[in-house]
Amino acid sequence: MALTLTGLRQRVYIGGVINNTPDNLVQWIVSPQRFSPRTAMPTTGISEAEARHLAAYLNEQ
Ligand code: HEM
């Protein structure tokens, strides 16, 4: 099953572990392992400012 980020805004949880709020999405993008230590998604190296732009974009998809 492919992981698609389309329609992300409709989901209840991000990564299956945290509530899907704008702030949590930003923090997930910066450091997913903070919420889900065993996730396969790595720390991205994306800054919080950049992550805010990504989260805004993703919430339009
Ligand atoms: C611009 C960079 C990235 C963004 C914005 C991003 C965003 C996200 C988001 C929002 C989720 C949660 C999806 C959901 O709950 O349905 C997610 C999950 C995931 N991402 Fe990323 N991601 C990025 C980069 C990466 C990279 C580089 C990898 C791996 C090479 C990766 C691997 C994964 C995996 C495996 C999951 C599932 C995590 C789990 O359920 O534990 N992501 N990503």
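Both ligands and their constituent atoms are indexed starting at 1 by order of listing. Atom set for the values below is all heavy atoms of this structure, side chains included, hydrogens, waters and symmetry mates excluded.
How far CZ of Arg11 is from CG of Leu5: 6.5 Å, rounded to the nearest 0.5 Å. For the atom pair CH2 (Trp28) and CD1 (Ile14), the distance works out to 8.0 Å, reported to the nearest 0.5 Å. Between the NE2 atom in His53 and the OG atom in Ser47 there is a gap of 8.0 Å [rounded to 0.5 Å].
For atom 13 (C) of ligand 1, the closest non-hydrogen atom on the protein side is Leu5 CD2, 3.7 Å. In this structure, the protein non-hydrogen atom closest to atom 20 (N) of ligand 1 is Met41 SD, 2.9 Å. Closest to atom 35 (C) of ligand 1, if we only count protein heavy atoms, is Ala40 CB, 3.7 Å.
Closest heavy-atom approach to atom 39 (C) of ligand 1 within the set Ile18, Thr39, Val26, Asn20: this belongs to Thr39. Comparing heavy-atom distances from atom 9 (C) of ligand 1 across Tyr57, Trp28, Phe35, Tyr13 singles out Trp28 as nearest. The residue from Pro42, Gly7, Ser36 that puts a heavy atom closest to atom 29 (C) of ligand 1 is Pro42. Here the shortest heavy-atom distance to atom 37 (C) of ligand 1, taken over Leu58, Leu3, Thr4, belongs to Leu3.
Counting atoms of ligand 1 from 1 in the listed order, those under 4.0 Å from a heavy atom of Ile14 are 12 (C), 15 (O). Here is the list of ligand 1 atoms found below 4.0 Å of a heavy atom in Gly15: 12 (C), 14 (C), 15 (O), 40 (O). Against a heavy-atom cut-off of under 4.0 Å, Leu25 is close to the following atoms of ligand 1: 10 (C). Every atom of ligand 1 with a heavy atom of Arg11 under 4.0 Å away is listed here by number and element: 13 (C), 14 (C), 16 (O).
Residues Met41 and Gln33 are not in side-chain contact: their nearest non-hydrogen atoms beyond the backbone lie 4.5 Å or more apart. Within the 4.5 Å cutoff, the side chain of Leu58 has heavy atoms near those of the Ile29 side chain. Side-chain contact between Ile18 and Tyr13: absent, with no pair of heavy atoms (C-beta onward) separated by less than 4.5 Å. Using a 4.5 Å heavy-atom threshold, the side chains of Gln61 and Leu8 count as separate.
At least one heavy atom of Ile46 sits under 4.0 Å from some atom of ligand 1.
Here the closest heavy-atom approach between residue Pro42 and residue Pro32 is recorded as O-CG, 3.5 Å.
Between Arg52 and the options Asp23, Leu25, Ile46, a side chain to side chain contact (heavy atoms under 4.5 Å, CB included) holds for only Asp23.
Put simply, Thr44 stays out of reach of atom 21 (Fe) of ligand 1, with no N, O or S atom under 2.8 Å from it.
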